J.: 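Shown below is the structure under consideration.
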Protein chains: 2
Amino acid sequence: MTDPALPARHDFLRRHNFGLVLTTIAARGPLSRAQLAVDTGLTKATVSQLAERLVSCGLVRELEPARGAVGRPGSPLELDRKGIVGLGVEIAADYLAVCAADLSGAVVIHRVEGRDNRGAAPSAVIDRVAALVHAVREDLQATGRSALGVSVAVPGLVEGGHTVRLAPNLPGWTDLPLAAHLSVALATQLPIEAENEANLAALAELWYGIATDLDFIHVSGEIGVGGGVVVDGAVFRGVRGFAGELGHVTVDPAGPLCGCGSTGCLEQYAGQDALLRAAGVTGDSSTRDGDPNGPLRELVSRAEAGDERTTAALDAAGRAIGLAVAAVVNILDVPTVVLGGIYAPLAQWLVAPVEAELRLRALANRWDPVTVLVSTLGTQAAVRGAAGVCVDRVLRDPVSYFPVLQLG
Amino acid sequence: MTDPALPARHDFLRRHNFGLVLTTIAARGPLSRAQLAVDTGLTKATVSQLAERLVSCGLVRELEPARGAVGRPGSPLELDRKGIVGLGVEIAADYLAVCAADLSGAVVIHRVEGRDNRGAAPSAVIDRVAALVHAVREDLQATGRSALGVSVAVPGLVEGGHTVRLAPNLPGWTDLPLAAHLSVALATQLPIEAENEANLAALAELWYGIATDLDFIHVSGEIGVGGGVVVDGAVFRGVRGFAGELGHVTVDPAGPLCGCGSTGCLEQYAGQDALLRAAGVTGDSSTRDGDPNGPLRELVSRAEAGDERTTAALDAAGRAIGLAVAAVVNILDVPTVVLGGIYAPLAQWLVAPVEAELRLRALANRWDPVTVLVSTLGTQAAVRGAAGVCVDRVLRDPVSYFPVLQLG
DNA sequence: AGCTTAAGTTCGACAGCCAAACTAACCGGC
DNA sequence: GCCGGTTAGTTTGGCTGTCGAACTTAAGCT
């Protein structure tokens, strides 16, 4: 929010402090004005003034005074969970999902619709997304809530938060101005943005999952393999926003040819299809219109039964993941790895080889071992992250959504 | 400088705008107050007020009015190059270097001393550094200049800007509070900080070298191999500040054992010693106290003569670098690679294999090819970057160095 | 010389924070 | 049941630092 190339004027102070108060409430739960003053470093007078406006905008709600202690009881302020929500959308290869989250991040509505998006034209998919979002907005209106933004998770490279450059598993999705199209299809002025699903899944893990307050890389196994790096509470997006293509990091230059044209990519060892093939599970996941998780469940049950071919495949995949992640750790110095997507249910066979490779190859591992965690959000991570992004923006800079805060 | 967790008070405005004015002058050369007002977005009144104080602190200097145009001529303001300087120190495996840079980044003093630091105790090295710095400070005093900070480049992992956790090519340099030791040895209150040499070299390339205003990864070849990632004008340091250990990224899991305990590290293919060994150049660079660049020069002349063993070694090193950098590009999405350190004089043999591997392995390379540049600063990059860091801090936040600015 | 143009300064208005005094609400002891 | 002690929240006045506009300064041009 603070651009060092921009002049700092008076209104910046208000703007910054509104965000400070809101994020403090979000992080530490309901707090009285007095406690907020202590926690933020502002004076009681300032907090009171800011709080009054936040309440009148419907962002914050005053609870009943908490009695019991000596002195006048304070009235705790909490995020108003009844008013505005953020909308998250996920466009996956084989389903669509929409999710509404209130200011606290709690899920209000969550809908998933199985669908083959690989065989459909982008415009048809966008129309279906618009219909789903429209239905969700109507239901929200019935409970008196309204959305203030839409964020879309896409399994591909997204440029500038609006355009899909390339989505390897969604044929036809190249150089597509998704945000603009969806804006037209929805016939709305709502801010709409798109983002890589791996990055959003990582944020969900940060905000609502296993990795609260950590710096980590979230490895999401799907048909491809994505990586979302979170440092200091924010995703590292890279220059053009294409960061995180872990699936095409070279694990062994002498390895098999990959669809991307290179050799020995991680995806060829630990991608869902490669894993199934190596374990000898039949039924390519891409040709099924039925339960997309069937082959994965088969893999898990074979591993549980101790099938040697399966456990060997998982061990090889784990070592490949460990090698690629070790490179990330060496280059980016992240102390934690979160295994997500299909790796979550397979974690018990993956964690040991991943850790072994990290011990061997990650330089910083010696005096400060890299922690390997398992995702708790599973396939819901990306949508929840998307909805969370909308909410997070409001909390950090409410003035940009409610200009009234700045006036009168 | 702006911590979203801290309250914004009035003094922040001044602080920010002082930095804004200084960095604008630094970036666009001498500017009149009126032009500064346009460029920064502040009003003429505010700029005048800020400028007056910057001049009285010796940070900025008013030039003679530039005549020739219609209207009252403006008095250009430029950074005062006569007063304060930043000091940079580099502790390499086989030499020490000290550099003083004025506010514009221009080198005032630059001294290099060949020395085997691998065989010496850390305390002996620190004493020698202190002596060198002391001598430079005396010479500076003779010209009326004074240092306002020391920044030390170290070929290893530096934690929190003060402690060397591990330096693979400097035996004994583990868990060493370098900043504190140097502070004692120098008997000074000057702010002293330590930083990885690869990161500082990257910054030098950004500020004074080939990569002005770019986002890039700087690969610095020395005894080890370092990588410094610059995005948005800042080095990506990672969580604990250990980012950039490119030398120990695995190039081939079946490759040779490395001193770090892992196998197939980049350093084993493209580190200076490995390169000399593969080319068959005798004379280990670590045992010479004379010209540290002797073996390197020998390598270059053999390559120029077309010696096949040498060119084959360089080609293999280039491919290894390309493979490791491709991983970085996939994970971080940096569009430019700068070859620095010993790779600069060797670039004509390295660029082709590096580019070939990037074409093969970097996913984003297809529609937006990665540019490979050659450092213009060579082995001077790290020291100059170190000196530059001191200068940069002052320009960004002069109030922290001159509290007077904030008062009266 | 006098007009035009542009740079830089001065001055009053205004926004937004802080500090401190003040009011409000609750507890507990007598 | 009242009164002091304690903590919460509000009100008031002061201060800082920006902006905008009027003003002064210093040139070139006719």
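All values derive from a computational prediction rather than experimental measurement. Letters A, B, ... mirror the listed sequences (proteins, then strands); counts begin at 1.
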J.: Answer whether the closest heavy-atom distance between the side chains of A:L50 and A:L42 falls below 4.5 Å.
T.: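 Result yes, sub-4.5 Å side-chain heavy-atom pair found.
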J.: In terms of the nearest nucleotide of DNA chain D, which residue is placed more toward the 5' end: A:Q49 or B:L13?
T.: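 Result of the comparison: A:Q49.
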J.: For the pair made of CZ in B:R15 and P in D:dT18, what is the distance, rounded to whole Å?
T.: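 Roughly 14 Å, once rounded to whole Å.
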J.: Consider the side chain of B:T43, meaning its heavy atoms from C-beta on, and name the nucleotide among D:dC19, C:dC26, C:dG8 that approaches it most closely.
T.: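 The answer is D:dC19, which lies nearest to the side chain.
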J.: Whole angstroms only, please: what is the CZ-P distance between A:F18 and C:dA15?
T.: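 One finds 14 Å between P of C:dA15 and CZ of A:F18, rounded.
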J.: Would you mind checking if B:D392 and B:R396 are paired as a salt bridge, meaning a charged N to carboxylate O distance below 4.0 Å?
T.: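 Counted as a salt bridge, because a side-chain N and a carboxylate O are separated by less than 4.0 Å.
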J.: For C:dC27 and A:R72 - does any side-chain N or O of the residue sit under 4.0 Å from the phosphate oxygens OP1/OP2?
T.: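 No, because none of the side-chain N or O atoms of A:R72 sits under 4.0 Å from OP1 or OP2 of C:dC27.
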J.: Rounding to a whole Å, what distance do you find between A:Q406:CD and D:dT18:P?
T.: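 Computing the A:Q406:CD to D:dT18:P distance gives 16 Å.
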J.: Assuming nearest nucleotide by heavy-atom distance, tell me which of B:G74 and B:P7 is located more 5' along DNA chain C.
T.: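 Its nearest nucleotide being more 5', the pick is B:G74.
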J.: Rounded off to whole Å, could you give me the NZ-to-P distance for the B:K44 and D:dA21 pair?
T.: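 About 12 Å, once rounded to whole Å.
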J.: Among the candidates D:dT6, D:dT18, D:dG17, find the nucleotide nearest to the side-chain atoms of A:R9.
T.: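 Ranking D:dT6, D:dT18, D:dG17 by closest atom to the A:R9 side chain puts D:dT18 first.
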J.: Parallel, tilted or perpendicular for B:F12 and A:F12, by the 30°/60° rule?
T.: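 Because their plane-to-plane angle is under 30°, the rings of B:F12 and A:F12 count as parallel.
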J.: For the side chain of A:H10 and the base of D:dG17, is some donor closer than 3.5 Å to an acceptor across the two?
T.: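 A donor-acceptor contact between them is present.
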J.: Do B:R15 and B:D397 sit within salt-bridge range, that is, some charged N less than 4.0 Å from a carboxylate O?
T.: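 Looking at B:R15 and B:D397, the cut-off is met.
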J.: Which nucleotide, D:dT10, D:dA21, C:dG16, lies nearest any side-chain atom of A:R14?
T.: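 When the side chain of A:R14 is considered, C:dG16 is the closest of D:dT10, D:dA21, C:dG16.
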J.: Quick one: is A:N17 getting a side-chain N or O under 4.0 Å of the C:dG16 phosphate, OP1 or OP2?
T.: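 False: A:N17 side-chain N/O out of range (4.0 Å or more) of C:dG16 OP1/OP2.
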J.: Could you tell me how far apart A:E62 (CD) and D:dA8 (C1') are, to the nearest whole angstrom?
T.: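 Roughly 11 Å, once rounded to whole Å.
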J.: So what does A:A34 touch, heavy atoms closer than 4.0 Å: a base, only the sugar-phosphate, or nothing?
T.: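 The residue A:A34 makes sugar-phosphate contact but no base contact.
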J.: May I have the distance from A:L54 (atom CG) to D:dG9 (atom C1'), rounded to whole angstrom?
T.: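 Roughly 16 Å, once rounded to whole Å.
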J.: Less than 4.0 angstrom between a side-chain N/O of B:R33 and OP1 or OP2 of C:dA6, yes or no?
T.: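 For B:R33, the contact criterion (side-chain N or O under 4.0 Å from OP1 or OP2 of C:dA6) is not met.
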J.: If you define the side chain from C-beta out and look only at heavy atoms, does anything of B:L186 sit under 4.5 Å from B:I192?
T.: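 Yes; the side chains approach each other to less than 4.5 Å.
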J.: Contact class for A:S48 (heavy atom, under 4.0 Å): base, sugar-phosphate, or nothing?
T.: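 A:S48: base contact, heavy atoms under 4.0 Å.
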J.: In this structure, how many angstroms lie between the P atom of C:dG16 and the CG atom of B:D11, rounded?
T.: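 In whole Å, C:dG16 P lies 16 Å from B:D11 CG.
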